[in-house]
Amino acid sequence: MTSQDNMSEEHLPEATHGHGGGPVVSKDGYFADPGLPPHEHRRTDIDEKAARRAERQVATWFLLSMLATVGFIASYVIFKPGPTHHVYIWPVGDVSPLNFALGVTLGISLFAIGAGAVHWARTLMSDEEHIAERHPIESSPEVREQVFADFRQGAKESGFGRRKLIRNTMIGAMAMVPLSAVVLFRDLGPLPEKKLDTTGWKAGMLLKNMNTGEPIKASDVQVGSLTFAMPQDLSEDDEDFQVRIAKDALMLVRLQPGDIKDKNSAAWGYEGVLAFSKICTHVGCPISLYEQQTHHVLCPCHQSTFDLSDGARVIFGPAGHPLPQLQIGVDSTGNLEALNGFTVPVGPGFWERSE
Amino acid sequence: MKKLSARRRHPLAALVVLIFALAATGGLWAALAPTSSASADASQSLQVEEGKRLFQVGCASCHGLNGEGTNLGPSLVGVGSAAVDFQVGTGRMPAQQPGAQVPSKKVIYNQAQIDQMAAYVATLGSGPVIPTQDQYSGGNVASGGELFRTNCAQCHNFAGAGGALSEGKYAPSLAGVSAKHIYEAMLTGPQNMPSFPNSTMPEQQKKDIIAYVQHATNSDANPSYGGMTLGAIGPVSEGLFGWIFALGALIGTAIWIAARTPKAKKS
Ligand code: FES
């Protein structure tokens with residue numbers, strides 16, 4: 001833009017002084033309205049050459065946008081989709097040339113339109129300051145008077161106050177319409193039944209290994225190991241699998257019986273095999289960052305930490321309850337089975353949660 | 001006579017007799033010897049001896065002279081040769097200093113020495129043994145991905161990039177870890193990692209997981225077509241990138257839009 005600096009002198013307006021030289025404080029002690037500062041011209045306002053240059057710049061942006069659009073269509077035709085086509089582009093890394101070209105050309109064509117419009121407004125469109133005074137939002141007293149008069153007139157002519165039957169039935173009709181909505185929306189609640197309190201676990205249900213889909217023998221679970229289990233009647237192909245696993249997922253660990261501090265918890269396990277809900281009691285993240293030496297389970301969402309050797313007590317973080325434990329035993333063939341459903345609701349707390 | 005006797009013994013007779021004798025002894029040996037295990041036993045016990053010597057120099061100060069454990073290091077009875085191969089083979093052992101977690105560092109023993117120590121530790125009590133090649137190769141990447149997300153991703157991240165645990169512990173990145181060491185880690189559960197024994201995670205599933213990990217972490221062989229991974233550590237790096245660069249660009253544009261246009265003024 002150095003060419004603008006040596007613009008010929010005669011194009012420049014007279015230098016003006018701000019505030020029109022008026023006093024800042026008026027005689028009666030109030031701040032005087034300083035008014036608008038005098039308008040300053042842009043170079044493009046007074047130099048035809050500069051204006052033409054700006055015009056060309058704006059047009060260049062729009063032209064660039066057109067080119068990019070053509071490029072978009074061209075890349076759509078040229079590049080083939082699919083994972084076998086990829087190129088290394090610094091510093092982005094390995095990308096599909098199709099996606100990359102489409103993104104870049106579309107981005108340029110949109111950005112260039114915006115940039116051209118902004119440049120146009122800043123250099124060529126009028127930038128004269130002008131004042132738009134504020135007005136009260138209220139209508140004038142005459143208009144208000146007229147509206148009230150019309151309303152009273154209308155009420156009188158409709159006989160709204162006189163014909164009580166019409167009025168009452170109309171009110172009744174209007175009051176009843178929302179009932180249809182209430183009936184429809186009832187499906188969304190507000191009665192969640194017992195869904196939050198119960199899970200799919202029942203007494204006598206076998207624990208199924210999520211890796212193999214087979215029942216789990218107590219002897220298969222080694223000290224220090226971690227296994228995930230779900231109820232025997234659940235399968236990944238079930239339509240409601242996601243709904244159920246969100247409550248039924250289990251974490252199966254085995255501790256040396258001597259390491260278990262909470263005797264009740266030990267009694268609910270089988271020879272040191274303990275089954276805990278995998279759903280964090282804070283806001284319900286799946287939680288299985290198990291440290292086998294400290295027996296701590298960490299929740300990745302907000303760092304709640306539970307001590308599985310102590311009844312999954314919360315030892316750190318925002319969770320409000322220990323992880324619920326499932327009481328387990330073995331059936332006649334040595335497979336682990338639930339001796340009971342969960343006795344407390346799994347997952348996050350809720351208002352009506354029973355303790 | 002001289003001539004006769006000379007004739008009776010062919011010049012090669014001695015050689016023939018020698019060959020017969022050798023064959024006979026060899027055959028007898030092969031038939032009567034308690035198979036070849038005697039020599040194998042000998043080399044085995046030699047290996048254990050060597051391993052014990054290495055153990056007493058390099059490991060005994062923490063694990064005890066007989067691997068019984070001290071308050072500095074756990075007992076090694078029953079950890080098996082796989083645990084030794086993993087811990088020493090990834091440079092975690094010998095540990096440099098106590099701490100939240102012993103990191104992997106430069107491996108200071110060669111594989112032969114590691115095998116000797118592993119053989120010695122295996123004699124302390126039976127445990128998982130070092131796997132052979134066919135136990136950890138040839139898995140299915142797709143099913144490995146599913147298994148990985150079920151069993152491993154909670155700590156090691158969906159792309160095997162690793163992640164933080166409590167109190168300074170962490171799950172290390174899986175990039176560049178050999179298939180054998182991944183297998184051993186799953187089998188033995190080193191440090192705070194739980195183990196995934198074959199009884200609950202069959203060998204084929206371990207192969208699949210290894211195939212997935214090696215596919216996902218080897219970006220040269222399997223580039224990710226999404227461009228920059230930003231460490232593949234999820235919303236933290238992606239969010240930071242978005243806040244700094246995307247928002248930065250937006251702010252820059254906003255400033256440009258609202259900036260005062262240059263005015264022409266007489267100086
Ligand atoms: S969901 Fe587990 S700590 Fe918040």
Side-chain angles (χ1 to χ4, degrees), chain A residues 1 4 7 9 11-15 40-47 50 83 86 88-89 91-96 99-100 114-115 118 121-123 127 209-212 216-217 219-228 252-253 286-294 296 298 300 303 305 316, chain B residues 74 78 100-101 128 146-147 150-157 163-167 169 171 186-202 204-206 208-209 219-220 222-230 234 249 253 256-267:
Chain A
M1 297 276 170
Q4 294 190 352
M7 187 163 35
E9 279 286 305
H11 289 308
L12 287 172
E14 281 302 307
E40 294 171 60
H41 289 284
R42 297 168 301 192
R43 282 165 190 145
T44 44
D45 290 335
I46 48 178
D47 183 355
H86 60 93
Y88 183 84
I89 294 170
V92 184
D94 270 295
V95 287
S96 144
N99 289 356
F100 187 79
V118 170
R122 282 162 51 86
T123 53
D127 73 336
N209 186 335
M210 293 207 45
N211 288 340
T212 61
I216 307 171
K217 290 231 181 310
S219 53
D220 289 347
V221 184
Q222 297 179 359
V223 172
S225 70
L226 173 65
T227 313
F228 301 109
L252 206 58
V253 298
I287 160 182
S288 49
L289 285 75
Y290 174 56
E291 300 173 1
Q292 58 115 338
Q293 289 177 341
T294 57
H296 293 173
L298 172 72
Q303 282 70 48
T305 311
F316 181 79
Chain B
Q101 185 160 329
E146 267 173 46
L147 289 162
T150 304
N151 292 282
C152 324
Q154 70 267 33
C155 297
H156 287 288
N157 154 307
L165 293 170
S166 69
E167 293 167 15
K169 297 185 279 293
M186 287 192 274
L187 203 59
T188 61
Q191 303 196 38
N192 262 304
M193 171 171 164
S195 63
F196 297 86
N198 287 347
S199 51
T200 54
M201 180 194 274
Q204 180 58 43
Q205 299 194 337
K206 290 193 173 65
D208 294 350
I209 288 179
S219 54
D220 292 334
N222 314 291
S224 85
Y225 307 112
M228 247 188 286
T229 59
L230 302 175
T253 315
W256 172 62
I257 291 176
R260 229 170 99 91
T261 30
K263 301 292 180 183
K265 236 186 194 175
K266 235 177 204 166
S267 48

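Within every chain, numbering begins at 1; the chains are lettered A, B, ... in the order of the sequence lines, protein sequences first and strands thereafter.
Using a 4.5 Å cut-off between heavy atoms, B:L147 contacts chain A through its side chain alone, with no backbone atom that close. Both the backbone and the side chain of A:Y290 come within contact range of chain B, judged by heavy atoms closer than 4.5 Å. In this structure, the portion of B:M193 lying under 4.5 Å from any heavy atom of chain A is its backbone and not its side chain. With a threshold of 4.5 angstrom between heavy atoms, A:A115 approaches chain B through its backbone and through its side chain. The contact between B:N151 and chain A is made by backbone and side chain atoms together, counting heavy-atom distances below 4.5 Å. A:D45 does not touch chain B: none of its heavy atoms, backbone or side chain, sits under 4.5 Å away. Contact of B:A164 with chain A is made through the backbone alone, with heavy-atom distances under 4.5 Å. With a 4.5 Å cut-off on non-hydrogen atoms, A:L289 touches chain B through its backbone and its side chain both.
Rounding to the nearest 0.5 Å gives a distance of 9.5 Å between NZ of B:K169 and CG of A:L298. A distance of 8.0 Å separates CG of B:L187 from CD of A:Q222, quoted to the nearest 0.5 Å.
Screening A:L252, A:L226, A:T212, A:D220 against B:T200 for a side-chain contact (heavy atoms from CB on, under 4.5 Å) leaves a single residue, A:D220.
One N or O on the side chain of A:Q292 and one on the backbone of B:G189 form a donor-acceptor pair closer than 3.5 Å.
In plain terms, the two heavy atoms of B:P194 and A:S225 that are nearest each other are CB-C, 4.1 Å. Between A:R43 and B:K263, the shortest heavy-atom distance links the atoms NH2-O, 4.2 Å.
Of all the listed residues (A:R42, A:H296, A:R122), the one sharing the greatest number of non-hydrogen pairs under 4.5 Å with chain B is A:R122. Among the candidates A:T294, A:I216, A:N99, the residue making the largest number of heavy-atom pairs closer than 4.5 Å to chain B is A:T294.
Contact of the B:Q154 side chain with the A:F228 side chain is registered, since non-hydrogen atoms from C-beta on lie closer than 4.5 Å.
Heavy-atom neighbours of A:Q293 CD from other residues, nucleotides or ligands within 6.0 Å: above the threshold of 12.
Contact check on B:R260 versus A:D127 returns no salt bridge, with no Lys/Arg side-chain nitrogen under 4.0 Å from an Asp/Glu carboxylate oxygen.
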